[in-house]
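Read the structure below first, then the notes.
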Number of protein chains: 2
Amino acid sequence: MARWDPNPRLRLVRAAIDLFAEQGYDDTTVAQIAARAGLSKATFFRHFPDKREVLFAGQEAHSTLLAEGATAAPPDATPLEAVAAALDHATASFTDEQRGFGPRLRAVVAAHDELREREAFKRAGLAAALAAALRDRGVPDTTARLAADLGVEAFHLGYTRWTDVDADDDAATYPALARRALDELRAAAAALH
Amino acid sequence: MARWDPNPRLRLVRAAIDLFAEQGYDDTTVAQIAARAGLSKATFFRHFPDKREVLFAGQEAHSTLLAEGATAAPPDATPLEAVAAALDHATASFTDEQRGFGPRLRAVVAAHDELREREAFKRAGLAAALAAALRDRGVPDTTARLAADLGVEAFHLGYTRWTDVDADDDAATYPALARRALDELRAAAAALH
DNA sequence: TACGGTGATGAGACAGAGTCTCATCGAGCT
DNA sequence: AGCTCGATGAGACTCTGTCTCATCACCGTA
C-alpha cells in the first residue's frame, strides 16, 4: 500500500478511520494518517482541505444527488413528494462499506465538537442544495427551506437507523428507512399548529 | 487601553471586529487582536477557546434565555406558543451595540466557511437547548425538535432584519421582528402537508 | 505601612495544522 | 531513448492552540 498504488483518497479515508478508532482523533496526526496510507502529509492536504474533512468527504455528492432527485420528480408533485423522491435518489447509492463505517464514524464525530461542527455545516449545505432545487420547481422560498430541512433530517435519521448495529434488520434498506423517517416528520409537522 | 484596564473580553471582541473589517479575517492574527486590545496572545486564549469564537461569544447565554423563556410559558401553552415566549425572553436583552455590530459581523461570517461552520454549530446548539426545554414541558421529541427549529430560524431571521441597515425602521424592535418571522414560518409549515 | 495571598497576565517554548516551493517520480507518447 | 505532464515527497515556514513559569495588581490584615 505505497506511493503509487491506486485510490490514494480512499486509502487515506480508511487509514484515518482506523487510526481514530485505535488511538482517538486528537492523538492522531495527519502525518500518521498519511504514513499508514503510504503517503506524505503534503499529499493528504492535496486530497482534503483539512484534517476533519477526511471523515466527511463525498458530502458534496449527496447534495448533488438530493438536488437531482428533487428536480427529476414529476412536475405536479408536492414539495414533500419531491423531497421523498430526492431521498430515494440519494440513498440508493450508498454501499455496504459505508454502512460498515457508520458506527465508528458516528462514535468519533459525537466525541469531538470540532467534528460535530463540521457535521452541522455539511448538513446546512445539504439543506441549502435541496431547498434550491425545490425553489427551481417553483416552491416559495420559506416552504422550500422547511421542506428541505425535513428532508435532511430524514436523511440523517435514516442513516442513523440504517447503521445502527443493535437493530440490524437486513430488510431495512436505507431508502426505506429514510422514507419512513420522512413520514414521521411529516406527521409531527402537521400536528404542530 | 492596556494591560490592567477593565473588560478585557469586550476589548478583545471590539479589537477583533475592527481588525477583521480593516484587513480581513485571514490576514488578522490572534497576536494582532490581542495587541490592539493591549493584551497578549496567551490572554486571548484564556478568554476564547479559539480565534473564531471571539465572534460568537455569548451564544451560550442565548441558549439559556431561550430555554428559560420556554420553561416560563404558561403550562397550557402550545409548543409554538412556548417558542414565541422563548423568543420574547431571549430577544429582549439585545443591546444597541449588538445591533451596530450586526452588519460587519454578518459580512465577515458570510465570507468565510470557517465562520459559517461555527455559526451552523451554534445554531444547532440553540435548537438543542430550546428543544430540551420543550421536552421538559412534555412535548414529544420530534415535535419539540421541529418547533425548536422554527424558533431558531425565527431568531436568526429576526436578527438579520433587525440589523439590516437598508431597512432600519426604528419602530421594528428585535422581539417584534422575531415574532413576525415565527408567524411567517408557522404559516408556511401549516401549508406544507 | 508592610506583608502575604490570590487571580489575572506576559513571556516564551512547544507540537501540530495547513501552505508553499521545488525537486523527483511514473506513465504515456513520439 | 527522449519528452511531457500530473502526482508525489521533502522540507521550510506561519499561525493556531497548549503549557509552564515568572510577574504584576489588588485586597485583606497586622
Side-chain angles (χ1 to χ4, degrees), chain A residues 1-57 108-109 111-119 121-122, chain B residues 1-20 22-57 59 108-109 111-119 121-122:
Chain A
M1 206 47 98
R3 194 162 174 182
W4 295 100
D5 288 355
N7 277 323
R9 236 182 122 87
L10 185 55
R11 275 155 52 204
L12 286 166
V13 171
R14 287 177 176 149
I17 292 181
D18 285 348
L19 284 168
F20 293 164
E22 286 171 24
Q23 23 174 279
Y25 177 81
D26 287 332
D27 292 335
T28 302
T29 68
V30 170
Q32 287 176 336
I33 299 170
R36 176 165 300 202
L39 297 167
S40 72
K41 189 184 85 165
T43 298
F44 179 97
F45 287 110
R46 285 193 185 95
H47 288 279
F48 305 101
D50 57 49
K51 182 181 171 184
R52 305 157 206 81
E53 192 65 11
V54 71
L55 293 178
F56 296 94
V108 178
V109 172
H112 297 274
D113 278 359
E114 203 176 338
L115 296 174
R116 298 202 300 135
E117 191 169 350
R118 176 60 51 86
E119 189 179 41
F121 190 47
K122 291 293 180 175
Chain B
M1 206 48 96
R3 194 162 174 182
W4 296 101
D5 288 354
N7 278 323
R9 236 183 121 87
L10 185 54
R11 274 154 54 204
L12 286 166
V13 171
R14 288 177 176 149
I17 292 181
D18 285 348
L19 282 167
F20 293 164
E22 286 171 22
Q23 21 173 279
Y25 177 81
D26 286 332
D27 291 336
T28 301
T29 69
V30 170
Q32 288 176 334
I33 299 170
R36 175 166 301 203
L39 296 167
S40 73
K41 190 187 80 165
T43 297
F44 179 97
F45 286 111
R46 285 194 184 94
H47 288 279
F48 305 100
D50 57 48
K51 181 180 171 185
R52 304 155 207 79
E53 193 64 13
V54 71
L55 294 177
F56 297 95
Q59 293 280 104
V108 178
V109 172
H112 297 274
D113 278 359
E114 202 175 338
L115 296 174
R116 299 203 300 136
E117 192 169 350
R118 176 60 51 87
E119 189 179 41
F121 191 47
K122 291 292 180 176

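Every chain is numbered from 1 and lettered A, B, ... according to where its sequence line falls, protein lines coming before strand lines.
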Dump every N/O contact between nucleotides 14-17 of chain D and the protein below 3.5 Å, one line per pair.
from, atom 1, to, atom 2, distance (Å)
D:dT16, OP1, B:Val30, N, 3.3
D:dT16, OP1, B:Lys51, NZ, 3.4
D:dT16, OP2, B:Val30, N, 3.4
D:dG17, OP1, B:Arg52, NH1, 3.0
D:dG17, OP2, B:Lys51, N, 2.7
D:dG17, N7, B:Lys41, NZ, 3.4
D:dG17, O6, B:Lys41, NZ, 2.8

### Task
Would you mind reading off the distance between A:His47 atom NE2 and D:dG6 atom P, rounded to a whole angstrom?
15 Å
### Task
Classify the side chain of A:Arg46 versus the base of C:dG18 as yes if they form a donor-acceptor pair under 3.5 Å and no if they do not.
no
#### Entry: Cationic N near anionic O, under 4.0 Å, A:Glu117 to B:Arg52
no
### Query
Rounded to whole angstrom units, what separation is found between the CZ atom of B:Phe48 and the C1' atom of C:dT9?
15 Å
### Message
Whole angstroms only, please: what is the CG-P distance between B:Asp113 and C:dG18?
### Response
14 Å
### Verdict with reasoning, B:Leu115 to B:Phe20, per side chain to side chain contact (heavy atoms under 4.5 Å, CB included)
CA-CA 12 Å; B:Leu115 296 174; B:Phe20 293 164; 5.9 Å; no
### Query
Where is the tightest heavy-atom contact between B:Asp27 and B:Gln32, given as atom of each residue plus distance?
O-OE1, 3.5 Å
### Query
Atom CZ of B:Arg9 to atom P of C:dA8: distance rounded to whole Å?
13 Å
### Task
Can you tell me the distance, in whole Å, between the CG atom of A:Leu39 and the P atom of D:dG11?
17 Å
### Query
Can you find a side chain N or O atom of A:Ser40 that sits less than 4.0 Å from OP1 or OP2 on D:dG9?
yes
### Task
Start with the C-alpha distance between B:Ile33 and B:Phe48, add both sets of side-chain angles, then the distance that settles side chain to side chain contact (heavy atoms under 4.5 Å, CB included), and finish with yes or no.
CA-CA 12 Å; B:Ile33 299 170; B:Phe48 305 100; over 6 Å; no
### Nearest-Å distance for atom pair CD1/P, residues B:Ile33 and C:dG10
15 Å
### Task
For A:Leu55 and A:Arg118, run side chain to side chain contact (heavy atoms under 4.5 Å, CB included): C-alpha distance rounded to whole Å, both residues' side-chain angles, the deciding distance at 0.1 Å, then the answer.
CA-CA 9 Å; A:Leu55 293 178; A:Arg118 176 60 51 86; over 6 Å; no
### Message
What verdict does the side chain to side chain contact (heavy atoms under 4.5 Å, CB included) test give for B:Leu12 and B:Arg9, after you've listed the backbone C-alpha separation in whole Å, the side-chain angles of each residue and the deciding distance to 0.1 Å?
### Response
CA-CA 5 Å; B:Leu12 286 166; B:Arg9 236 183 121 87; 5.7 Å; no
